[in-house]
Peer 1: 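Here's a structure for you.
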Amino acid sequence: RGHGTYVEDEKLIASVAGVVERVNKLVCVRALKARYNGEVGDVVVGRITEVQQKRWKVETNSRLDSVLLLSSINLPGGELRRRSAEDELAMRDYLQEGDLISAEVQSIFSDGAVSLHTRSLKYGKLAQGVLVQVSPSLVKRQKTHFHDLPCGASLILGNNGFIWIYPTPEQKDEEAGGFTTSLEPVPLSDREVISRLRNCIMALVAHKMMLFDTSILYCYEASLPHQIKDILKPEVTEEIVLEARQKLLDLEG
């Protein structure tokens, strides 16, 4: 038996309300409402809370602030070199308080705090989009947490329960090391798609359904006959989620 369970009268009983997870013969129950517990390799979305010496503090929905070291980021131009005093002075030029970033968990300190890195070009600063905060237990673990959906928007499903929805970029800028952010106005059509996706995610969360690219896309398709603002009405939410759930069951069946 693992976390979140106890034995009584030779029966295994859950001690928290949540999702059952099995790894070979180990059975754990992950609480539905819990802070994020980092695991190495997780993709997270976080907000910079403080600029310190040689590192940034990042809010990632866990018990302690996460840490992003100056040595764990790609400098613009993708150069790999030792970080100098000039780099330390220019830290605010890369990231300042309030900036949103996507990153990967590099390691976990002995007190449970998480150390992040943005070494790959798919990570970095987030510019235009919408942040949705959900319970980390509802985000399904997958091989990739970056999804370009066919409806014209993209998702970053952070394992920490922070989801970033943004317009799919036309071309990827490889040179900037993940720190150039486009501040062009977003067309109305893209904003409508993003708003609809956001409301669909809130609908799935209301019914405690797991969030991954397929469930969100099915919910999006089911919501198309309705106006964006109507998706959050309880009767419409229920109808859309039931349709999405049925499609998922048909897919598994």
Side-chain angles (χ1 to χ4, degrees), residues 1-47 58-66 102-105 107-114 116 131-147 155-165 197-219 222 231-232 234 237-238 240-253:
R1 65 184 194 84
H3 292 294
T5 62
Y6 66 96
V7 176
E8 191 176 281
D9 301 335
E10 296 187 6
K11 284 184 183 171
L12 192 62
I13 298 172
S15 59
V16 292
V19 182
V20 178
E21 290 188 339
R22 285 191 181 86
V23 180
N24 298 334
K25 287 191 173 181
L26 178 74
V27 177
C28 307
V29 180
R30 204 161 45 139
L32 275 178
K33 285 197 172 175
R35 285 280 185 173
Y36 167 65
N37 281 325
E39 288 183 30
V40 174
D42 278 0
V43 172
V44 298
V45 173
R47 191 182 289 280
V58 188
E59 155 62 22
T60 53
N61 199 20
S62 48
R63 288 179 301 109
L64 300 160
D65 273 353
S66 303
S102 59
E104 188 177 305
V105 176
S107 57
I108 293 163
F109 297 117
S110 53
D111 61 356
V114 171
L116 306 172
L131 180 70
V132 184
Q133 299 185 13
V134 303
S135 167
S137 60
L138 291 175
V139 178
K140 185 175 179 179
R141 286 183 183 279
Q142 292 179 286
K143 283 197 175 74
T144 175
H145 282 255
F146 290 79
H147 301 288
L155 294 172
I156 303 175
L157 295 168
N159 285 111
N160 59 333
F162 286 11
I163 296 173
W164 182 249
I165 314 170
L197 276 171
R198 183 244 175 221
N199 283 0
C200 288
I201 289 171
M202 298 315 288
L204 290 168
V205 168
H207 286 261
K208 299 284 185 285
M209 277 192 58
M210 293 301 279
L211 300 171
F212 53 105
D213 53 334
T214 317
S215 69
I216 293 169
L217 193 59
Y218 281 166
C219 189
I231 296 172
L232 295 179
T237 297
E238 194 166 335
I240 291 169
V241 171
L242 281 174
E243 193 178 322
R245 185 177 281 157
Q246 190 56 50
K247 276 190 178 177
L248 285 171
L249 288 173
D250 295 344
L251 188 69
E252 287 166 8

Peer 1: Does the pair Leu242 and Glu238 meet the rule for a side chain to side chain contact (heavy atoms under 4.5 Å, CB included), with working shown?
Peer 2: CA-CA 6 Å; Leu242 281 174; Glu238 194 166 335; 4.2 Å; yes
Peer 1: Which atoms form the tightest heavy-atom contact between Val29 and Val16, and what is the distance?
Peer 2: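 Looking at all heavy atoms of both residues, the closest pair is CG1-O, 3.6 Å.
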Peer 1: Which distance, rounded to the nearest 0.5 Å, do you find between the CZ of Arg1 and the CG of Leu12?
Peer 2: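 Separation between the atoms: 7.5 Å.
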Peer 1: Looking only at non-hydrogen atoms, find the nearest pair between Phe146 and Val43 and report the distance.
Peer 2: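 So the minimum-distance heavy-atom pair works out to CE1-CG1, 3.9 Å.
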Peer 1: Kindly indicate whether the side chain of Tyr36, heavy atoms from C-beta on, has any atom under 4.5 Å from the side chain of Val139.
Peer 2: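 They are not in contact (no side-chain heavy atoms under 4.5 Å apart), so the answer is no.
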Peer 1: For residues Gly2 and Cys28, report the shortest heavy-atom separation together with the two atoms involved.
Peer 2: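 Looking at all heavy atoms of both residues, the closest pair is CA-SG, 3.9 Å.
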Peer 1: I'd like to know whether Asp250 forms a side chain to side chain contact (heavy atoms under 4.5 Å, CB included) with Tyr218, so could you lay out the CA-CA distance, the side-chain angles of the two residues, the decisive distance to 0.1 Å, and finally the verdict.
Peer 2: CA-CA 12 Å; Asp250 295 344; Tyr218 281 166; over 6 Å; no
Peer 1: So, taking the atom named CG in Asp42 and the one named CG in Asn37, what distance separates them when rounded to the nearest 0.5 Å?
Peer 2: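 Between atom CG of Asp42 and atom CG of Asn37 there are 10.0 Å.
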Peer 1: Atom CG in Leu232, atom CE in Met202: separation rounded to 0.5 Å?
Peer 2: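 Those atoms lie 7.5 Å apart.
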Peer 1: Under the side chain to side chain contact (heavy atoms under 4.5 Å, CB included) rule, what do Met209 and Leu248 come out as? Steps first, then yes or no, please.
Peer 2: CA-CA 11 Å; Met209 277 192 58; Leu248 285 171; 3.7 Å; yes
Peer 1: If you round to the nearest 0.5 Å, how far is CG of Leu211 from CG of Leu157?
Peer 2: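 Rounded to the nearest 0.5 Å, the CG-CG separation comes to 7.0 Å.
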Peer 1: Is there side-chain contact between Leu217 and His147, with at least one heavy-atom pair below 4.5 Å?
Peer 2: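 No. Closest side-chain heavy atoms not under 4.5 Å.
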Peer 1: Is there a donor-acceptor contact under 3.5 Å from the side chain of Ser15 to the main chain of Tyr6?
Peer 2: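 It does not hold such a pair.
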Peer 1: Using atom types as modelled and distance alone, determine if a side-chain donor or acceptor of Asn61 lies under 3.5 Å from a backbone N or O of Asn160.
Peer 2: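 Yes, because the side chain of Asn61 sits within donor-acceptor range (under 3.5 Å) of the backbone of Asn160.
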Peer 1: Donor-acceptor check, side chain of Asn199 to backbone of Ile231, threshold 3.5 angstrom: yes or no?
Peer 2: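 It does not hold such a pair.
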Peer 1: At their closest point, which heavy atom of Ser137 faces which heavy atom of Ala31, and how far apart are they?
Peer 2: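 Answer, listing the atom of Ser137 first, then Ala31: CB-O, 3.4 Å.
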Peer 1: Atom CZ in Arg198, atom CG in Leu155: separation rounded to 0.5 Å?
Peer 2: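 Rounded to the nearest 0.5 Å, the CZ-CG separation comes to 13.5 Å.
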Peer 1: Would Asp213 and Gln142 satisfy side chain to side chain contact (heavy atoms under 4.5 Å, CB included), going step by step from the backbone distance to the final call?
Peer 2: CA-CA 10 Å; Asp213 53 334; Gln142 292 179 286; 3.1 Å; yes
Peer 1: Hey, could you give me the OG/NZ distance between Ser215 and Lys140, rounded to the nearest 0.5 Å?
Peer 2: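 Result: 8.0 Å between the selected atoms.
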Peer 1: For Gly38 and Val114, which heavy atoms make the closest approach, and how far apart are they?
Peer 2: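 Nearest heavy atoms, Gly38 then Val114: CA-CG2, 4.0 Å.
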Peer 1: For residues Asp65 and Ala113, report the shortest heavy-atom separation together with the two atoms involved.
Peer 2: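 For Asp65 and Ala113, the tightest heavy-atom pair comes out as O-CB, 4.1 Å.
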Peer 1: Looking at side-chain heavy atoms only, is the closest gap between Val134 and Leu204 below 4.5 Å?
Peer 2: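 No, every pair of side-chain atoms sits at 4.5 Å or beyond.
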Peer 1: Taking the side chain as C-beta and beyond, is there a heavy-atom pair between Thr60 and Leu116 under 4.5 Å?
Peer 2: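 Heavy-atom side-chain distance check passes, below 4.5 Å.
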Peer 1: Using modelled atom types and a 3.5 Å cut-off, is there a donor and acceptor pairing between side-chain atoms of Asn159 and backbone atoms of Val44?
Peer 2: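 Absent.
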